[in-house]
Protein chains: 2
Amino acid sequence: MAKHDRDLSLLFHALSDPTRRAILTRLAERPARVTDLAAPTGLRLPTVMRHLSVLEEAGLITTTKDGRIRTCALVPEALDPMRTWLEQQRAIWDARLDRFDAFVMRTMKEDKK
Amino acid sequence: MAKHDRDLSLLFHALSDPTRRAILTRLAERPARVTDLAAPTGLRLPTVMRHLSVLEEAGLITTTKDGRIRTCALVPEALDPMRTWLEQQRAIWDARLDRFDAFVMRTMKEDKK
DNA sequence: GTCATGCTTAGCCATAATGCTAACTATACG
DNA sequence: CGTATAGTTAGCATTATGGCTAAGCATGAC
C-alpha cells in the first residue's frame, strides 16, 4: 500500500503543474522532441527538461534518444492508478450517502411517531 | 481557462500528499473533528490544520465551527474538474490512436502495392 | 576539421511546502 | 473562579520546487 501511495503522490504531484499538464496535452496529440515541447512554454530548456523528468518519474511519459534528439511520448495507462483512486473514493462516498439516506429515513420515522 | 487551470493545480496539489488523501478517505466515511482527524496521522495539530486548510482551499472539504469544535466534511463534487480533465485527456488520446490506426492501415495498403 | 544544433550538467536564487514548538484564545465543565 | 479541552497563531528549520545562466558534450551538416 505504501508503494501504491507513493505512485499516487508522484502522479498527482506531476499533474499539479500547469506547464506539465500542457506538455501532456501536447504529447497526447503526437510524440515530440524536447525543443518542440519547450517552445510553446516560453521556458528555458533546462527548466523544461526538469518538468519532463518529473513526468517521466511519475510514469506519465517515456523518452528515447535517437542521435542527439530525444523524443517524448505519453504513457496513457499511467493515469489508471488515478482513475482507480477516484472510483474507490466515489465508492466510499456513495456508501456514506446510502447510510445518510438511511439515517434521514429513520429520523423521519421517529418524527412521525 | 486560467482560473480553471488554477483550480486543477490546487486540486492535484492537495491530492499529492498521502496524509491529505488519508484525511479525505477518513472524511468520506463521516464528518470529523480536527482532533479526531489528527490522531491517526501521528502529526501535531498545527500541522494537520495546515493540511486541512490546503484541502479547504482546493475546495475538497468544508469546515464549520460549533462552539470550540470545528467539524470537517467532504465536498464530493470537488473531484469533478479532475474527472473532466481525465476524460478530456482520454478523448484526445483516443483520437490520436484513431489517427495512428489510419496511418497503419495506409501503410499496410502501400505495402500491398 | 569546423560549426551549428540539441540536449545535458552544475550551480545559483527565490519561494513554497512540511514539519515542529511555544504561546495564545475561546469554550465548556465543576 | 479555575481548569481542562479544542483550536489557533506566530515563528522557526529543513527540504523541495521552479525558474535562471553558463558551460559542457555529443551528433549532424558542410
key: Heavy-atom protein contacts under 4.0 Å, nucleotides 11-19 of chain C, coded B base, S sugar-phosphate only, - none   = ------SBS
key: Where protein sits on nucleotides 24-29 of chain D, one letter per nucleotide: B base, S sugar-phosphate only, - none, heavy atoms under 4.0 Å   = ---BS-
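For residues 58-78 of chain B, there are no ring pair (Phe, Tyr, Trp, His ring centres under 6.0 Å) pairs, not counting sequence neighbours. Applying the ring pair (Phe, Tyr, Trp, His ring centres under 6.0 Å) test to every pair with at least one member in residues 57-90 of chain A, sequence neighbours left out, gives these pairs: F12(A)-W85(A).
In this entry the distance linking CG of L45(A) with P of dG18(D) reads 17 Å, nearest Å. For the pair M49(A) CE and dT21(D) C1', the computed distance is 16 Å after rounding to whole Å.
Side-chain contact check for I61(A) versus I23(A): every heavy-atom pair is 4.5 Å or farther apart.
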Report all side-chain donor-acceptor pairs from residues 42-51 of chain B shorter than 3.5 Å, counting only partners two or more places apart or in another chain.
unit_1: H51(B); atom_1: ND1; unit_2: R20(B); atom_2: NH1; d: 3.1

Which atom pairs, donor and acceptor, lie under 3.5 Å between side-chain atoms of residues 70-79 of chain B and protein residues at least two apart or in another chain?
unit_1: R70(B); atom_1: NH1; unit_2: T63(B); atom_2: OG1; d: 2.8

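Remark: S16(A) engages no residue in a side-chain hydrogen bond (donor to acceptor under 3.5 Å, both in side chains) (not counting sequence neighbours). P40(B) meets the side chain to side chain contact (heavy atoms under 4.5 Å, CB included) test with R26(B); sequence neighbours excluded. Partners of R90(A) according to the salt bridge (charged side-chain N to carboxylate O under 4.0 Å, His left out) rule, which considers only residues two or more places apart in sequence or in another chain, are E87(A). R68(B) meets the salt bridge (charged side-chain N to carboxylate O under 4.0 Å, His left out) test with no other residue; sequence neighbours excluded. In terms of the salt bridge (charged side-chain N to carboxylate O under 4.0 Å, His left out) criterion, residue partners of R83(B) (sequence neighbours excluded) are, by chain and number, D80(B).
Ranked by how close their nearest DNA chain D nucleotide is to the 5' end, G42(A) and V34(B) are led by V34(B).
Base-pairing analysis of DNA chain D finds the following stems of at least three consecutive Watson-Crick or G-U pairs, with both pairing distances under 3.5 Å: C:1-30 with D:1-30.
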